[in-house]
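Proteins get letters first, then strands, A, B, ... in listed order; numbering begins at 1 in each. Being a predicted model, the structure only gives us computed values, none of them experimental.
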Amino acid sequence: MTDGAKSWALHLGLIVALFAAQFFLPQYHATNLARIMVLAVFAMGYNIAFGYTGLLSLGHALFFAAGMYGMGLPIWQLEWPALPALIMGLVAGGGVAAAVGVLALRTTGVSFMIVTLMFAQAGYLTILYFNTYSGGDEGFVVDRAGRMIGGMDLAADTPRYLAALGLFAVAMLGCLVLVRSPFGRVMVAMRENEERSRMLGYNPFAVKLTALVVSGIYAGAAGAAYGLLFGYVGASFAQIQYSILPLLYVLLGGAGTVIGPFLGAAAMFYLIDIASSYTSAYFFVVGAALVALVVFAPKGMLGTLRDRGLKWLP
Amino acid sequence: MGTPPLSFGPFLFLALLEGTVMAAVLALTAVGLSLVFGVMRVVNVAHGEFFMLGAVLAWFVTYYLPLPPALGWIAALIIAPLLVAGIAALADVLVLKRLKYDPEATIVATIGLLYILQQAALTFYGPDARPVPAPFDLRLQFPWFGYSGYKLFVVVAAAALLGGVWALMTHTKAGLIMRATQVDTEVARAFGINTDRVYTATFALGAALAAVAAVLIVPIQQAHYLMGGDPLLLAFIVVIIGGLGSLRGTVVAALIIGLSDGVISMFFSPTLAKIIATLLVALVLVFRPQGLFGARA
Amino acid sequence: MAALIEASGLTRHFGGVRAVENVDFRLEHGEIHALIGPNGAGKTTFVSLLSGRIPVQSGRILLAGDDITALSAHARVRKGIAYTFQITSIYPRLSVFDNVALAAQSRGAPDLKDQVAAALGRVGLKDHAAQTAGTLSYGHQRLLELAMGLALRPRVLILDEPTQGLAAGEIEGFKSLVASLVPDTTVLLIEHNMDVVMDLATRITVLNFGQVLATGTPEEIRQNSHVQAAYLGGGDAEG
């Protein structure tokens, strides 16, 4: 089998497996898996910016929240139907990423990390500040009636799982197509040797901004879907944890691999789930995982696997 | 305050007093962060947690040692920073050194450290905020309002400590070694300076300064496991605006930020003050990365 | 006939150092033009001004009559200027194929595989296409960088000390490769190896202390007394 065929087989196989899983798993785990799939979309978006293009952002919570509020506010305040609101969330994620990128991409490395972190913090505080319009810290519930797409009630288990799987499948296949495309090669080139890429005729700013906007669209879609499928929009999703979690998922699963973010999201989700049954200080696990990964295994699960032999893994 | 509302002048004066106290503590905290960046080129995102640990450990000391408030507080002032310095030294040796101080990797690692320390505090100290008794109770009476004498003591103490740090850096051999390592690590190593130990010592000193600042402020503001967030953000702002690695810039920026934050918080809302502060950091980094005083980082 | 590159009054200082001072320069179509001079003469800086890596402080650059002075480096690449680095700069973690593919696709390549194969073939690296670039020998890495430059199908190929670190046999191969590039591609090369310069160059410009000392054919330069005094040292060639 050619490398290309192997990739497609693997990724399509995963989608099929996830589709089948809903019939075997108890409902608690199926709902968890739905959550994981949406968070994996978020992580895949982060991976496009970080894993492939080398942009270590600490502000992706802003794009996630932009998507969530971009979907939720029109439904809550303007009584929009669900599908346009979802698309609005996507657009919001990409738009905010573009705005942030235009400024933040004038910096690199550590400065870029801090600038993105600051913009995300400002976004969170702004949601709190305008709490009459945004629901502030408490957030708001998305009305059940507003969570119907084409007759499907997204609050019910099966439609919700299928919607999450649908989004995940589209996102993952889109990511696969992107990284195997010429532009995907350029993103990696920018990460590996920016000066050389510049002298091959590529515009660093344009490439990085495009990667960031695509990343923002993914994050926005994930945020919008999360709010729509689980019925709640809140400021907590704009806090720094939601910038750290996608980084952690990607590091754990393998930066610069397509399936890595999903594996990282699943593993971390359950690690936190288990930890939280023992202590309220479950975020300790996040901290410990970050330190351990960075020191011992910066390539993550699939990255290490790819280095040790599976060269074709995209 | 409970007395009739103050007119503008006295209210501004009160806001400035509060801002000065804040600036003093902020300067001490920020100097710790600045020192670490200047010498090690490392951005320590867990710096706020060292601050928090200083306050939390101060509570443990004053709670468990059967001493009168003044002595208990002094004991805390000695013990807490020493413990925090020890934790920081451990973190440097076990983690940061292994990463060879790579800039992006150390930020990610210090984020992990942030959560480790914060959640450890949650486990052992709990989610509640608890007060620490001030070493003395003195009420200064201004014509318009009464003001805590301890707060003014905090300003004096912070200023004295900053002077001590400055003296350390400019007049002692240890300070000379640190400054040499800051200017050029390679050359310092060639001259026989054990840069590994300098790094560990600097990291510990930076953490200790944050802890001292926290012990100073904790009788005014209660100890809580989440209290590291705001000092971290403000210290960041100060260091970036003042120029990473510049001691003088840090102090001046702390004064400006502390005073403005105090004033804006009292006249408008603390949230708005924070929004302005965060955006300011971002915009300074984008448009004027060298800050006001420092050389290009 | 108009020159391919026409630079006038190029100046670039770094603090107190006058790296390039009021330099006029013409690069004619289809020539191999060598740029020589002692270390620190400003050769790499000058060439960085032409390629856009460093902005000029004053002066003007025309490429086939178009003013490119204000254009960014990547835009100049798209207009046909290619630059190979003095210290080899490739993508060590990517395959040889990917390295060249990035160059080829930058100029639009519907037949990417063929173009990459052609470029690799010209430098003799066809068999190494799947290899990770960082594992190549130093000489091969320099050839890879040359292949990347060729894959850009440039009008002007700027080579910065290309034979540095190459074995004698590799240098011969390099010379015949460069000779085969003209007249379709014009070559500007910085070199310290006088044998290479004298054999390949159609014209030579000598830089010293950021200024042009002399320009002319190899014979003219060899006989120029100023150049001999400043650089050639009457017989002991550098490099």
Below 4.5 Å from any heavy atom of chain A, which atoms of B:Leu272 appear? Answer side chain, backbone, both or neither. both
Distance, nearest 0.5 Å, that separates CZ of A:Phe284 from CG of B:Leu117: 9.0 Å
If you define the side chain from C-beta out and look only at heavy atoms, does anything of A:Leu58 sit under 4.5 Å from B:Val45? no
Using non-hydrogen atoms and a 4.5 Å limit, figure out which bit of A:Leu251 sits close to chain B: side chain, backbone, both or neither. side chain
Under 4.5 Å, counting heavy-atom pairs only, tell me which of A:Leu128, A:Ile240, A:Val285, A:Val115 racks up the most with chain B. A:Val115
Could you check which of A:Phe112, A:Phe283, A:Phe119 has the highest count of heavy-atom pairs closer than 4.5 Å to chain B? A:Phe283
The interface call for A:Leu247 against chain B, heavy-atom contacts under 4.5 Å, is side chain
Would you say that A:Leu56 contacts B:Ile107 through its side chain, given a criterion of any heavy-atom pair below 4.5 Å between the two side chains? no
Between B:Ile276 and chain A, which part of the residue has a heavy atom less than 4.5 Å away: side chain, backbone, both or neither? neither
Taking atom CZ as the centre, does B:Arg179 end up with more than 12 heavy-atom neighbours from other residues, nucleotides or ligands that are less than 6.0 angstrom away? yes
Out of curiosity, B:Leu285 CG to A:Leu103 CG, how far, rounded to the nearest 0.5 Å? 12.0 Å
Side chain to side chain contact (heavy atoms under 4.5 Å, CB included) partners for A:Ala97, two or more places apart: A:Phe63
Quick one: pull up CG in B:Leu114 and CD1 in A:Ile244 and give me the separation to the nearest 0.5 Å. 8.5 Å
Answer with side chain, backbone, both or neither: which region of B:Leu99 has an atom nearer than 4.5 Å to a non-hydrogen atom of chain A? side chain
Heavy-atom side-chain proximity of A:Met118 to B:Leu283 below 4.5 angstrom: no
What distance separates A:Leu290 CG from B:Ile111 CD1, expressed to the nearest 0.5 Å? 7.0 Å
Heavy-atom closest pair, residues A:Val294 and B:Ala109: CG1-CB, 4.2 Å
Between chain B and chain A, which N and O donor-acceptor pairs fall under 3.5 Å? A table would be great.
| unit_1 | atom_1 | unit_2 | atom_2 | d |
| --- | --- | --- | --- | --- |
| B:Gln119 | OE1 | A:Phe283 | N | 3.3 |

So which heavy atom on B:Pro103 is nearest to which on A:Val110, and how close? CB-CG2, 3.6 Å
